[in-house]
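These numbers come from a predicted model, not from an experiment. Naming: A, B, ... by sequence-line order, numbering from 1 per chain.
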2 protein chains.
Amino acid sequence: MLDIAKKAGVSKATVSMVLNKRDQSISEETKKKILKLAEELNYIPNSLARGLSTKKTGTIGIILPDITNPFFSSIARAIEDAANSLEYNVILCNTDNEIDKEVDYIKLLISKIVDGVIFIAGGESSSSVKILKSNNIPFVLVDRYIDNYKDEHGVYLLNEEGVIKGIDYLYKKGNEKIVFVKGHENITVSNERLKGYKYAMNKYGIYDENLIFKGNFNIEGGIKATEAILSKLDKVEAIFYSNDMMALGGMKVLLRKGFRIPEDIRIMGFDNIDICGIFEPELTTIGQPIYKMGKEACKLLINIINEVDIKDKEIYFETELIIRGTA
Amino acid sequence: MLDIAKKAGVSKATVSMVLNKRDQSISEETKKKILKLAEELNYIPNSLARGLSTKKTGTIGIILPDITNPFFSSIARAIEDAANSLEYNVILCNTDNEIDKEVDYIKLLISKIVDGVIFIAGGESSSSVKILKSNNIPFVLVDRYIDNYKDEHGVYLLNEEGVIKGIDYLYKKGNEKIVFVKGHENITVSNERLKGYKYAMNKYGIYDENLIFKGNFNIEGGIKATEAILSKLDKVEAIFYSNDMMALGGMKVLLRKGFRIPEDIRIMGFDNIDICGIFEPELTTIGQPIYKMGKEACKLLINIINEVDIKDKEIYFETELIIRGTA
C-alpha cells in the first residue's frame, strides 16, 4: 500500500480506503489512479486480517498416511481440486500412520485456524478426533472409520461387498483354493475386507483359515506375503490381495519365479489405483471411486463449515469389479 | 479461553494473561489451575493473531503440476517432511502445467500470507515469478528454471550430464541406433535432456535426427511415441525415454507386441521414480535424488525466510546411472 501511495502521491490511508472499498469520500480520479497502480504493482489483499475478524481462513487441512502412496495422492488431488473450485486452500500433512505425528499435526492445524480437516486415520485415532471435537473444528473422516466415533461425518467404501464380488468372480471361474492376503488389523478397512472374504468363502463352503496370510498395504508387504504363501502352500490357484500395492508386489515375485499369470495363478487386487493398468498383465481388481470419494469428502466438509443442511452424515460408495488380465 | 475461565472461576482476561505468559500478577495456584484446564480441554493457541503482528505465518506453499505423478508426490513428501521438522506447514497447489491456474494460486497464496513458495514451473512461468517478486515473497524454483529468471534461488538437476551417462552406457553395450523420446519443449528439463542426447550422439558420430521422437511426460505420451517409433523405423536397438513414466508406457506397448526386453530392445528411462522397481523387468534409468532435492529446496526456502546467509543461490544435483533389467 505504501508503494502505491508514493506513486499516486496520496497517503497510505487513502490507498487503504480505496482498496478496502470504504471510498465514498474519495474522488473518482484518485480511485482510478490507485486501482490502476494496484494492478500494475500486483497488489494482493491480505486475507489474514479478514480471517481474524470472520474467524474463517478459507484453508482446510488434509491428514493422510503418505502422499507418495498412489491411493492417497489421488484422494489428495481430488480434495485439492474440489477445494480450489470453492476457493479453499489445502494444507497437506503426512502421518505415516503414526498416532503421535497425527496429534501434532491436528494441534498445528488448529493453531493455524483451519476451517476444517479431512482426516484419513492412521489407526486407532480416537485421541485425534477428541482434540478436533473439543476445539469445535469441523472434520470429515475418509476411507477409515474410527471406533467410538462412528457417528461422525464420513465418506466410506462398502469394503465387504467389494471383496464378496471378487470371490464370487473367482469361484465362478472354477477356483476354490483362494488365498487371501489381509492388511494390518489396526486399519479398519482391512478388517472389513477380511470379513467379506470369510463371508463369501463360507457361503461356498470353501473357507479354510490356513489360506489367510497377512501383509502391510505396500509393495514390500505383497512381496513378503507371497514368499510366505509359496513356502507354506503346495498349490495355489488364486491370490486375492486386499490392496493393489500388495498385489503388484506379489506379481513381481510370481513372475520372477516363472509363474504365468493368469494361466498358472489368478491374481486379484483391491483399490484400482492408476498404476494397475500400466503393468503387463494388467491387474484385475475391485475398484473404488477414489477421485469421487475425495471430491465428495471435500464438498461435505465445506458444507459443514458453511452450516449448510446436510442430508447424510455418512456417504457410502460402491465398488466395481474391474476385469483385466490377471484374473 | 471462556470455557477455561468458567471452569476455573476466573475472568477470561486472567486466562488470556496466563496462556500468553503475561502472568506476573497472578497467583501460582490460579496459574496451575488454568494450565491444567487448558490441557484437559485441549486448548491450542491461535497463531493467526501472532502471524498478523509478526507477519510470519509458518506456512509455505508448494506449486507443482500434479501430485498424482509419482515424481511430484515424492518431491512434495520431501518438502513436507523438511517443513514439518522446522515447524512449517505446507499448502498444496496442483497447476496441471496451466499458467492461468499457476497465477491464480500464487495470488491466493500471497493473500493467505504464506512465508514463501516452492515453485515447480508449469512452463513459461515468468508472469508467476513477477508476481512473487513484486510482492517480496521468498521463493525457490525446483527442477525447472524459468527464462529471464535464471538468477533466482533454485534447486536443479544436471540433466544434460545425466543423458550423456545413459548414451555412453548404451553405446558401450554395442547400440548405435539409439532412439530418443524427448518431452514437451515448454519444459526446460526436456530441452536440457535433448541437448545431452545430441551432444553424446555427435560425440560418437551416430547422431541422426530421424531417431528423435516426441511425447508428453506421462504413460500415454510413452505409448503414443512408441507406436510412432514402431511404425516409422525398421529396426530399433534401444529407446531412451527422457522420463520414466514415458518409458513405462513404452514398455507396455513393446511387451504387448511380443518384444523381449532387453534381448530384442533395450530401454532406458530418466528420473528413477519409486515404481521403476516394481515392474518386471525393472527399469534401467538415470536416477535423480528426488527426495534430497525436495528436502534441500525446503531448507533453502526457510533459510531465505529467516534471512540466514546463503552460500549458493542455486544448488545442482548429480544424476546416477541405475542399471536394472531393461538395459
Compare every heavy atom of [Y] with every heavy atom of [X], then report the nearest pair and how far apart it is.
| X | Y | answer |
| --- | --- | --- |
| A/S127 | A/V103 | OG-CG2, 3.8 Å |
| A/S74 | B/T68 | CA-CG2, 3.8 Å |
| A/T326 | A/P262 | O-CB, 3.4 Å |

request  = Check the side chains of B/D244 and B/T285 for a donor-acceptor pair under 3.5 angstrom, ignoring hydrogens and angles.
outcome  = yes
request  = Check the side chains of A/T226 and A/Y241 for a donor-acceptor pair under 3.5 angstrom, ignoring hydrogens and angles.
outcome  = yes
Residues B/E40 and B/K7 bridged, charged N to O under 4.0 Å = no
ask   = Do A/R256 and B/E282 meet the salt-bridge criterion of a basic N to acidic O distance under 4.0 Å?
value = yes
Any side-chain heavy atom of [X] sitting closer than 4.5 Å to one from [Y]?
| X | Y | value |
| --- | --- | --- |
| A/M245 | A/F71 | no |
| B/S134 | A/L41 | no |
| B/L19 | B/I4 | yes |

Heavy atoms only, distances under 4.5 angstrom: which of [options] has the most pairs with chain B? Name it, please.
| options | value |
| --- | --- |
| A/I278, A/L92, A/I62 | A/I278 |
| A/P70, A/A76, A/G58, A/G249 | A/G58 |
| A/D274, A/I273, A/N89, A/L255 | A/N89 |
| A/K130, A/M251, A/E280 | A/E280 |

task = Tell me, with the steps shown, if A/D96 and B/R77 meet salt bridge (Lys or Arg N to Asp or Glu O under 4.0 Å).
result = CA-CA 11 Å; A/D96 293 314; B/R77 176 68 214 240; 2.7 Å; yes
[X] versus chain B, heavy atoms under 4.5 Å apart: side chain, backbone, both or neither?
| X | value |
| --- | --- |
| A/N135 | side chain |
| A/F72 | neither |
| A/D104 | neither |
| A/I219 | side chain |
| A/I67 | both |

ask   = Within residues 79-87 of chain A, which positions have a heavy-atom distance to chain B below 4.5 Å?
value = A/E80, A/N84
key: chain A contact via B/D3 - side chain, backbone, both or neither, heavy atoms under 4.5 Å   = neither
inquiry  = Under a 4.5 Å cutoff for heavy-atom pairs, which residue among B/I223, B/I131, B/V90, B/N94 has the most contacts with chain A?
reply    = B/N94
Greatest number of heavy atom pairs closer than 4.5 Å to chain A - which of B/L248, B/D66, B/T59 = B/D66
query = So how far is it from A/I60 CD1 to A/I137 CD1, rounded to the nearest 0.5 Å?
reply = 12.5 Å
